[in-house]
Trainee: 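Let me give you the structure first, and then I'll get to my questions.
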2 protein chains.
Amino acid sequence: MTTIKDIARVAGVSVTTVSRALNGYSDVNKKTRQRIEEVAKELNYSPNTVARSLVMKKSKTIGLLVSDMNREGVKDNFTFEVLCGINEASANSDYDLVLFSTTSSKQSQKTYTQLCRERRVDGVILQGIKTDDPYLQEVVESDIPCVLVDIPQESETVGYVTTDNVEGAKKAVAHLIERGHKNIAMINGHEKADVSIRRLQGYMEVLNNEKVPYRSEWIKNGDFKEKVAEEVAMELLTEHPEITAVFCASDLMGLGVLKAVNKIGKKVPDDIAVIGYDDIMLASYANPSLSTIRQDKFKLGFEAAVLLIDMLEGREQSHARIIDTELIIRESTK
Amino acid sequence: MTTIKDIARVAGVSVTTVSRALNGYSDVNKKTRQRIEEVAKELNYSPNTVARSLVMKKSKTIGLLVSDMNREGVKDNFTFEVLCGINEASANSDYDLVLFSTTSSKQSQKTYTQLCRERRVDGVILQGIKTDDPYLQEVVESDIPCVLVDIPQESETVGYVTTDNVEGAKKAVAHLIERGHKNIAMINGHEKADVSIRRLQGYMEVLNNEKVPYRSEWIKNGDFKEKVAEEVAMELLTEHPEITAVFCASDLMGLGVLKAVNKIGKKVPDDIAVIGYDDIMLASYANPSLSTIRQDKFKLGFEAAVLLIDMLEGREQSHARIIDTELIIRESTK
DNA sequence: ATGAAAGCGCTAACAT
DNA sequence: ATGTTAGCGCTTTCAT
């Protein structure tokens, strides 16, 4: 493998000059630069970024700590869309992505921070991490620049990207009320997700504002899983036949609710209206198709990467980016 | 940031001893090792893998060259499932993944090989690359260990993982024949995909074996895209009303065909039977649900990573892994 | 069992 | 405009 030393020898100059020429410094004679570039091409030279990283103390890599990159996670392409966004943003920069593959057993031996420090990533994006994850706190407290997806925390080195979940939930519930529903249940995710807390808040706010009564028995957690949501909904709708509409904190759970309604012999949307959250691919293909609050998942990832790179390059701005949501009306609330 | 030098100073030993102790060499006094480990923990030491890579000439990273990691690619979770498999396999090893983010404009300036050499990845997995991609040849000809997903090429440093596409196609078409169909069309992907060539081969073989006639006009390319397949199918089914069944080289195209049949006022499966390929999530949610040939995409990725790591560690075996397919019968061929 | 010294490929003062 | 030198943090001969 060719090194700048080889080039220097062949071109009859010092390694310093080679380094400067190849890195586009101005204080290099035009002729010399040309000669060096020629030789570099001739010898099929590729710079060694590892060596460069060592001396520069910058690796030009972004670490990715993403949950649900396992056999389970494939059901839902939320994570993938975020990933695509991150990928596209970093493709526009000179950063590459390091995907930290970590299993739960490995995680107990080596913390996120260790992972990041060992690989010397310049910054890290966290996605799909629960708020009570012990390592979240660790990363946030470390001095590694870090952007969180859907966890609003901010500091000198920590930024976040999220959608306005309170607002999104309000849109969903307001839509149900507009459709004439009074007894609106909610299937939420779990308490360890910030989005769940906010979507619940939005749900309650609208009901309060619109003076629509709600009951705490109508609110259940479905753990963001289709199957769990289905079971919970079966119970809920059987025990509380007064419910005519369900707001779900994710489309996957919405799909579960669709199945549940079907199983208890009722019809969507005539007997029970259902609205989800996210707008995953399946939502429009479900039967009936699922109304939902669209989040631009791609943009979520894109903006996360842009924000992190901005932070890394010292382009200071706010460390928070909020992305719009959009109400998508389909058959399940018609 | 703590280095082994710091540890050496505090522990009162040389850096050599620290290195040996921390790397588990046997020729270190038990007491000394303990002391060093203590100090390392005290100083919150993390090894610098960049420095290690430089001297060892091994980065313990695997490069990923994946297509469709952009806004377009999100429709189809094939890539994501493969990625999850790769991720899980590398999580079981001590390799991390480097996702090369490259745009088409960037690609013209810097080739895959350059990318790999600059980042000093130990090996690379290619996924979703067309067979006429100029860089494919380049990577294959380079000495970088490489595993291809769905492109059967093999050499000293090149391996591949794929499913048996001829066999898969045969299963699909045999199933249609069994259902009584005689006039079976095929919507293929494109010629630049090895899987398309093989699936076409399987289609022809079964028809020949079973003495079912076929016409070249019944075979069209849909470029693996839902919309294109829909348009092509509209034309095909209108011009050739004798066709009663369509074999599609991907589920996404199968979905397009479902729409086309609907648009021309016919019914699936009564008038036209449709079978896809892949078994993506949407297939089971479509209406009618789509029969298909299931590929274990997760396993495809998993085995690709395992194979590459085996190659990197010198565990020599065959460089080819073939994965099973499975016929999934749903409503679209009932 | 431990240490001294060299060197991986590169950048960056600091000369000249 | 170019070269000399040191050093990034680590591993690895080669001594002792």
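Here is how names work: the chains are called A, B, and so on, in the same order as the sequence lines, proteins then strands, and each is numbered from 1.
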Trainee: Is B/Ser19 near enough to D/dC10 that one of its side-chain N or O atoms lies under 4.0 angstrom from OP1 or OP2?
Mentor: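 Looking at the OP1 and OP2 atoms of D/dC10, neither is under 4.0 Å from any side-chain N or O of B/Ser19.
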
Trainee: Using the side-chain heavy atoms of A/Lys57, tell me which of these nucleotides is nearest: D/dC8, C/dT11, D/dT13.
Mentor: D/dC8

Trainee: Whole angstroms only, please: what is the CZ-C1' distance between B/Arg9 and C/dG3?
Mentor: 17 Å

Trainee: Go through C/dT2, C/dG7, D/dC8 for me and flag the one nearest to the B/Val55 side chain.
Mentor: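 Comparing C/dT2, C/dG7, D/dC8 against the side chain of B/Val55, the answer is C/dG7.
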
Trainee: Measure from CG on B/Asn23 to C1' on D/dC10 and round the result to the nearest Å.
Mentor: 9 Å

Trainee: For A/Arg20 and D/dA1, give me the distance from atom CZ to atom P, rounded to whole Å.
Mentor: 10 Å

Trainee: Taking the six-membered ring for Trp, are A/Phe80 and B/Phe80 parallel (under 30°), tilted (30 to 60°) or perpendicular (over 60°)?
Mentor: tilted

Trainee: By the 4.0 Å heavy-atom rule, please label A/Val13 as base, sugar-phosphate, or nothing.
Mentor: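 It contacts sugar-phosphate atoms only.
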
Trainee: So what does B/Thr16 hit on the nucleic acid, given a heavy-atom distance under 4.0 Å: a base, only sugar-phosphate, or nothing?
Mentor: base

Trainee: Check every atom of D/dT11, C/dC10, C/dA12 against the side chain of B/Val15 and return the nucleotide holding the closest atom.
Mentor: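 Output: D/dT11.
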
Trainee: Under 3.5 Å, side chain of B/Thr32 to main-chain N/O of B/Val28, donor-acceptor pair present?
Mentor: no

Trainee: Just by distance, no angles: are the side chains of B/Thr61 and B/Asp96 close enough, under 3.5 Å, to form a donor-acceptor pair?
Mentor: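 Their side chains do not contain a donor-acceptor pair, so the 3.5 Å distance test is not met.
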
Trainee: From C/dC10, C/dA12, D/dC10, pick the nucleotide closest to the side chain of B/Ile4?
Mentor: D/dC10

Trainee: Rounded off to whole Å, could you give me the CD1-to-C1' distance for the A/Ile7 and D/dG3 pair?
Mentor: 17 Å

Trainee: Please check if the side chain of B/Asp122 supplies one atom and the backbone of B/Lys58 the other of a donor-acceptor pair under 3.5 Å.
Mentor: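 Between the backbone of B/Lys58 and the side chain of B/Asp122 there is no qualifying donor-acceptor contact (under 3.5 Å).
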
Trainee: C/dT2 phosphate, OP1 or OP2: any side-chain N/O from B/Thr17 under 4.0 angstrom?
Mentor: no

Trainee: Between B/Lys58 (NZ) and D/dT11 (C1'), how many Å, whole number?
Mentor: 13 Å

Trainee: May I have the distance from A/Asn29 (atom CG) to D/dT2 (atom P), rounded to whole angstrom?
Mentor: 4 Å

Trainee: For A/Asn48 and D/dC10, what is the distance between atoms CG and C1' respectively, to the nearest whole Å?
Mentor: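 My rounded result for the distance is 14 Å.
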
Trainee: When we call it a touch if two heavy atoms are under 4.0 Å apart, what does A/Thr32 touch: a base, just sugar-phosphate, or nothing?
Mentor: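 A/Thr32: backbone/sugar contact only, no base atoms under 4.0 Å.
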
Trainee: Check the phosphate of D/dG9 against B/Thr3, side-chain N and O only, distance under 4.0 Å to OP1 or OP2. Yes or no?
Mentor: no

Trainee: Quick one: does any side-chain atom of B/Asn23 pair with a main-chain N or O of B/Tyr25 as donor and acceptor, under 3.5 Å?
Mentor: no

Trainee: With respect to the side chain of B/Leu54, which nucleotide from C/dC8, C/dT2, D/dT4 is positioned closest?
Mentor: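 Nearest listed nucleotide: C/dC8.
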
Trainee: Atom NZ of B/Lys5 to atom C1' of D/dA6: distance rounded to whole Å?
Mentor: 11 Å

Trainee: Does B/Tyr25 have a side-chain nitrogen or oxygen under 4.0 Å from the phosphate oxygens OP1 or OP2 of C/dA1?
Mentor: no

Trainee: Any idea which of D/dG9, D/dT11, D/dG3 is nearest the B/Met56 side chain?
Mentor: D/dT11

Trainee: For B/Asp27, answer base if it contacts any base atom (sugar-phosphate contacts may also be present), sugar-phosphate if it contacts only those atoms, and nothing otherwise; contact means non-hydrogen atoms under 4.0 Å.
Mentor: base

Trainee: Between B/His319 and B/Tyr160, does the ring centroid distance fall short of 6.0 Å?
Mentor: no

